[in-house]
Protein chains: 4
Amino acid sequence: MTATAVLLLSCPDQRGVVAATADFLARHGGNIVHAEQHVDPVEGVFFQRIEFELDGFELERDEIGPAFAPVAERLAMHVDLRFTDVPIPTALLASKQPHCLYDLLTRWRAGELPADVRAVVSNHPDHADFCAHLGVPYHHLPVSADTKAAQERALLEVLAGHGVELVVLARYMQVLSATVVDAYRHRVINIHHSFLPAFIGANPYRQAHDRGVKLIGATAHYATEDLDEGPIIDQETERVSHRDDVADLTRKGRDLETLVLARAVRAHLEHRVLVYGRKTVVFEG
Amino acid sequence: MTATAVLLLSCPDQRGVVAATADFLARHGGNIVHAEQHVDPVEGVFFQRIEFELDGFELERDEIGPAFAPVAERLAMHVDLRFTDVPIPTALLASKQPHCLYDLLTRWRAGELPADVRAVVSNHPDHADFCAHLGVPYHHLPVSADTKAAQERALLEVLAGHGVELVVLARYMQVLSATVVDAYRHRVINIHHSFLPAFIGANPYRQAHDRGVKLIGATAHYATEDLDEGPIIDQETERVSHRDDVADLTRKGRDLETLVLARAVRAHLEHRVLVYGRKTVVFEG
Amino acid sequence: MTATAVLLLSCPDQRGVVAATADFLARHGGNIVHAEQHVDPVEGVFFQRIEFELDGFELERDEIGPAFAPVAERLAMHVDLRFTDVPIPTALLASKQPHCLYDLLTRWRAGELPADVRAVVSNHPDHADFCAHLGVPYHHLPVSADTKAAQERALLEVLAGHGVELVVLARYMQVLSATVVDAYRHRVINIHHSFLPAFIGANPYRQAHDRGVKLIGATAHYATEDLDEGPIIDQETERVSHRDDVADLTRKGRDLETLVLARAVRAHLEHRVLVYGRKTVVFEG
Amino acid sequence: MTATAVLLLSCPDQRGVVAATADFLARHGGNIVHAEQHVDPVEGVFFQRIEFELDGFELERDEIGPAFAPVAERLAMHVDLRFTDVPIPTALLASKQPHCLYDLLTRWRAGELPADVRAVVSNHPDHADFCAHLGVPYHHLPVSADTKAAQERALLEVLAGHGVELVVLARYMQVLSATVVDAYRHRVINIHHSFLPAFIGANPYRQAHDRGVKLIGATAHYATEDLDEGPIIDQETERVSHRDDVADLTRKGRDLETLVLARAVRAHLEHRVLVYGRKTVVFEG
């Protein structure tokens with residue numbers, strides 16, 4: 001596999017926008033390996049993800065942005081340029097429950113998740129051994145109502161110290177304040193254990209049981225200051241029945257949470273997600 | 001296929017309840033072809049569905065209830081006795097959209113839905129020809145804000161005139177008043193075009209589009225005076241993406257609505273649904 | 001909705017191929033509303049579907065092909081040009097079972113399937129009334145082992161007489177000879193009632209029951225002279241259990257057959273399917 | 001949770017069979033918490049799983065079997081009696097791939113799988129560290145064509161030494177000989193990476209890619225001497241597309257394999273699986 005570059009683009013929809021970028025790449029000998037686009041006709045916005053081979057491309061990595069700038073400026077384009085051999089520095093945050101954390105770490109170790117996992121942070125000590133076994137730095141940052149502000153300052157220091165650019169809340173049971181969310185806008189992925197917008201708030205499996213639903217779900221979304229209201233990246237549901245009590249729903253839900261979070265994190269790491277308003281464009285993997 | 005009888009039972013959970021009924025049937029030479037039970041340990045309620053062959057059973061149909069009464073009384077049991085060769089008299093209510101109505105009628109005609117469809121009622125004339133083609137009585141009962149009370153009286157007369165015991169709202173876009181719902185308590189099945197409790201109320205597909213969900217759903221439930229709050233019988237979801245506009249969601253949702261309503265109606269017609277509180281027990285088909 | 005044109009392209013993969021087409025459209029004032037591409041790196045083939053608005057495009061419909069020919073020639077491109085306001089003339093073939101046929105006709109009548117349904121052909125008279133009700137010409141062409149060749153000649157005459165370009169086998173239980181399949185290569189869509197390549201041949205639901213599978217499926221594919229071996233367009237499965245006998249599998253399978261065939265036919269009608277070898281590229285709807 | 005006993009029963013179908021068992025339990029003060037039954041009308045076989053509370057039951061654990069023997073004898077019943085607080089001694093066999101093994105171990109450690117995991121066996125040393133971290137005995141038994149018979153003898157010794165009663169092939173890439181399979185008949189669970197009976201044999205993901213299927217699957221089954229032909233316990237599929245190469249299918253398939261194997265193992269551990277012929281009855285969890 002040769003290394004590739006990814007252009008994640010958005011701009012007002014207009015004639016010639018596809019040709020302008022394709023032409024820029026063709027002029028410099030670029031070989032496009034994937035291209036996907038989307039137009040929101042209501043908002044009049046054009047979105048595109050173009051992935052092209054660096055091998056044979058006539059520009060060096062640091063020349064691409066400046067060379068593309070005139071095109072971007074002419075089309076009022078927002079540009080995000082990424083290289084697929086430079087994985088995103090990532091921190092995983094967890095509380096006591098291990099299923100999402102262990103799954104992400106196992107996938108990462110198996111080479112399945114293109115992340116640069118730099119740290120695990122938890123308000124509990126439970127996963128220190130497993131992280132030590134894997135050689136991943138583990139930061140135990142306990143928190144209480146009184147110490148929340150100080151703990152979040154410590155958290156931000158840890159994240160900054162590791163150069164983290166993506167924060168994954170792998171069943172981290174603390175609500176992050178606006179300070180943290182703002183510092184990592186659209187770079188904090190959370191897993192909520194219901195098919196949002198149903199069962200917002202605490203104990204969604206109990207809520208689901210009380211309502212007598214025949215499906216449970218899980219939702220991965222970017223965290224915002226409005227809890228459970230951020231842009232949705234992925235969702236999944238599974239059938240349940242009257243036989244399932246709250247414990248059964250919780251157990252079945254764990255599999256959904258694990259799967260949906262892994263898919264969403266993977267989409268982000270592969271530079272396939274564009275956020276606009278409270279929605280996402282998620283290009284195919 | 002020999003005819004069978006179905007006992008739908010519920011009572012306080014207690015030792016010996018399974019044996020009491022099994023023993024009653026064994027004493028009269030009954031051959032059980034299906035039996036399913038459920039205990040809600042929180043509420044302490046026992047539910048059971050037993051289906052047994054009438055061929056070889058020593059009691060006549062009208063003797064079964066009286067003979068079982070002492071057992072039922074001793075166990076404080078609620079008993080519903082049905083015969084599978086006596087289909088439930090059913091009315092289908094629709095507005096302009098044909099997909100659920102045509103699907104149910106087609107399944108019924110193919111022998112797939114064990115109903116006795118006696119009438120189609122609509123506030124529009126659109127389906128009169130198709131019903132005439134099938135030989136099903138069609139009642140066109142237009143309605144406006146001013147005529148709602150009178151229209152519902154006419155509706156109740158039509159239902160009574162046909163001896164209807166099950167009302168299926170096959171995308172009938174009028175809210176039924178408490179008068180109708182009370183007259184057919186737990187015998188009115190509605191299809192709502194979202195995965196309840198998300199997107200209660202009007203225009204759920206627009207709500208879903210605005211929220212940017214990655215799944216849409218449909219929910220079949222018994223109608224109650226609280227709109228969209230009745231006991232859920234069945235639900236299903238399907239993946240959607242940023243590419244889907246409201247029209248796409250509506251089109252994809254139609255397939256969900258059709259499928260989920262047919263499954264729920266089938267479950268009711270096969271005497272597999274027990275309602276308790278705002279929940280249902282739906283035994284397997 | 002303004003009318004659009006669709007270019008379905010395939011050619012050897014090469015640098016500049018995206019730019020060449022995008023540039024052609026941009027030079028003539030084309031506004032691209034959808035574009036999707038795929039590269040098969042093993043075979044070295046590039047596939048693309050581009051949909052652009054005719055409104056504002058500087059070329060007339062009959063000028064587009066000739067104007068694009070030099071581009072296509074230079075890139076050794078196979079080109080299929082379609083207009084979305086010109087639906088494909090279609091014939092539906094069925095035997096006794098109604099579910100797929102009625103579903104396709106109902107979707108078409110509801111404006112959901114962009115087809116030009118010109119005829120229904122059956123080896124049984126069963127659906128004549130329903131087609132008369134809809135105003136669709138119905139051709140009853142009975143067939144036996146002795147009359148197969150003559151019946152197929154009559155079938156080809158009917159298809160030709162109606163100018164048919166797409167043949168949908170909506171549970172048509174006769175194997176078409178190579179003569180018919182060749183005349184409509186990659187234009188005959190069949191629904192097979194298993195998840196191919198499992199349970200090739202007759203009675204797949206009985207085969208599935210005998211094997212004790214926990215899933216049944218349905219497969220829509222282009223018909224070829226090798227039965228059940230043609231390029232797959234779409235597939236779906238559903239859970240079953242030990243409780244399901246062959247009749248249950250058949251009933252549950254009908255819903256799968258109906259849904260999968262409708263999706264596949266829709267994809268073809270929207271010019272989203274490209275065949276290569278024994279595979280398909282199906283672009284997103 | 002009080003401890004419960006499970007009776008897994010099968011016998012010729014006959015009148016009174018439900019009553020006989022229910023009556024036996026009622027006579028000894030048993031409180032049934034779950035009961036499910038199934039009749040195969042073609043084979044004329046009755047299957048039942050009854051779970052009842054030991055607390056309050058008048059017989060000691062070792063008295064139940066003898067006391068029930070007359071009932072079983074009269075009805076020609078095959079009886080399997082289990083206690084849910086006595087987990088099945090289990091060995092996990094794996095090769096290089098970690099996903100199924102790590103998932104099962106993680107679920108077991110989280111209290112989700114009611115197993116008594118006594119050993120992990122592998123023909124590779126890769127998972128020794130992780131098992132040491134968990135405190136699970138790890139047996140590295142390398143194998144080659146020449147040493148297969150000796151390796152299997154060593155394997156049988158390890159299994160016997162640990163008192164193993166269930167062997168889970170968690171992507172163990174060696175074909176077990178009849179000697180091993182016979183010693184653990186219906187007690188070896190394998191995961192095959194296709195929706196059997198499609199793509200039997202080697203490289204199912206490559207076979208799937210070559211055939212151009214739109215779904216991939218995984219199948220958990222009891223191992224028999226006929227490879228990939230044993231009774232199926234569970235299956236699942238997932239959508240794929242032309243965009244997925246063999247590596248993508250393999251990655252997506254891993255999630256299916258992991259999930260399906262975990263579900264099948266859980267069903268076996270909860271005494272919910274009955275084998276007959278080449279099929280299974282899997283009662284609901």
Side-chain angles (χ1 to χ4, degrees), chain A residues 36-42 45 47 194-200 204 207-222 228-247 260 263-264 267 272-284, chain B residues 36-42 45 47 194-200 204 207-222 228-247 260 263-264 267 272-284:
Chain A
E36 240 185 306
Q37 63 172 77
H38 173 63
V39 175
D40 184 320
V42 177
V45 185
F47 304 90
S194 83
F195 46 97
L196 289 175
F199 308 131
I200 286 171
Q207 291 184 56
H209 189 257
D210 290 349
R211 182 60 186 91
V213 293
K214 302 300 185 186
L215 293 173
I216 57 167
T219 305
H221 64 95
Y222 289 108
D228 305 335
E229 293 287 338
I232 294 171
I233 308 170
D234 205 347
Q235 300 185 287
E236 195 61 81
T237 56
E238 177 160 332
R239 296 186 73 76
V240 295
S241 81
H242 58 269
R243 281 184 303 269
D244 295 301
D245 60 20
V246 176
V260 172
R263 286 202 312 227
R272 295 191 279 110
V273 189
L274 277 160
V275 180
Y276 71 115
R278 67 188 302 213
K279 293 193 195 180
T280 61
V281 171
V282 181
F283 289 119
E284 295 291 337
Chain B
E36 243 186 304
Q37 62 172 78
H38 173 64
V39 175
D40 184 320
V42 178
V45 185
F47 304 91
S194 83
F195 45 98
L196 289 176
F199 308 132
I200 286 170
Q207 292 184 57
H209 188 259
D210 290 350
R211 183 59 187 90
V213 293
K214 303 299 185 187
L215 293 173
I216 55 167
T219 304
H221 63 96
Y222 289 108
D228 305 336
E229 294 287 338
I232 293 172
I233 308 169
D234 205 348
Q235 300 186 287
E236 195 60 82
T237 56
E238 177 160 332
R239 296 187 73 76
V240 296
S241 81
H242 57 268
R243 281 183 303 269
D244 294 301
D245 59 21
V246 176
V260 172
R263 287 202 310 226
R272 294 191 280 110
V273 189
L274 277 159
V275 180
Y276 71 114
R278 65 189 304 211
K279 294 192 194 181
T280 61
V281 170
V282 182
F283 289 119
E284 295 292 336

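- For a residue to count as touching a neighbouring chain, one of its non-hydrogen atoms must lie under 4.5 Å from one of that chain's; by this rule A:Phe47 does not touch chain B.
- In this structure, chain B has no heavy atom under 4.5 Å from any part of A:Glu238.
- In this structure, no portion of A:Ser241 lies under 4.5 Å from any heavy atom of chain B.
- If you measure heavy-atom distances from A:Asp210 to chain B, the contacts under 4.5 Å come from the backbone alone.
- Looking only at side-chain heavy atoms (C-beta outward), A:Glu236 and B:Arg239 come within less than 4.5 Å of each other.
- Heavy-atom distances place the backbone of A:Ile233, and not its side chain, under 4.5 Å from chain B.
- Each of A:His38, A:Arg278, A:Arg211 has some count of heavy-atom pairs under 4.5 Å with chain B, and the biggest count is that of A:Arg211.
- Residue A:Gln37 does not touch chain B at all, counting heavy-atom pairs closer than 4.5 Å.
- Both the backbone and the side chain of A:Thr280 have a heavy atom closer than 4.5 Å to some heavy atom of chain B.
- Atom-to-atom distance recorded for A:Leu215:CG and B:Asp234:CG is 7.5 Å, nearest 0.5 angstrom.
- Contact detail for B:Pro197 and A:Val213: the closest heavy-atom pair is CD-CG1, 4.1 Å.
- Under the side-chain contact (heavy atoms from CB on, under 4.5 Å) criterion, A:Gln207 pairs with A:Phe199, sequence neighbours left out.
- We find the OH-NE2 distance between A:Tyr276 and B:His242 to be 8.0 Å, quoted to the nearest 0.5 Å.
- Shortest non-hydrogen contact noted between B:Lys214 and A:Ile232 is CE-O, 3.4 Å.
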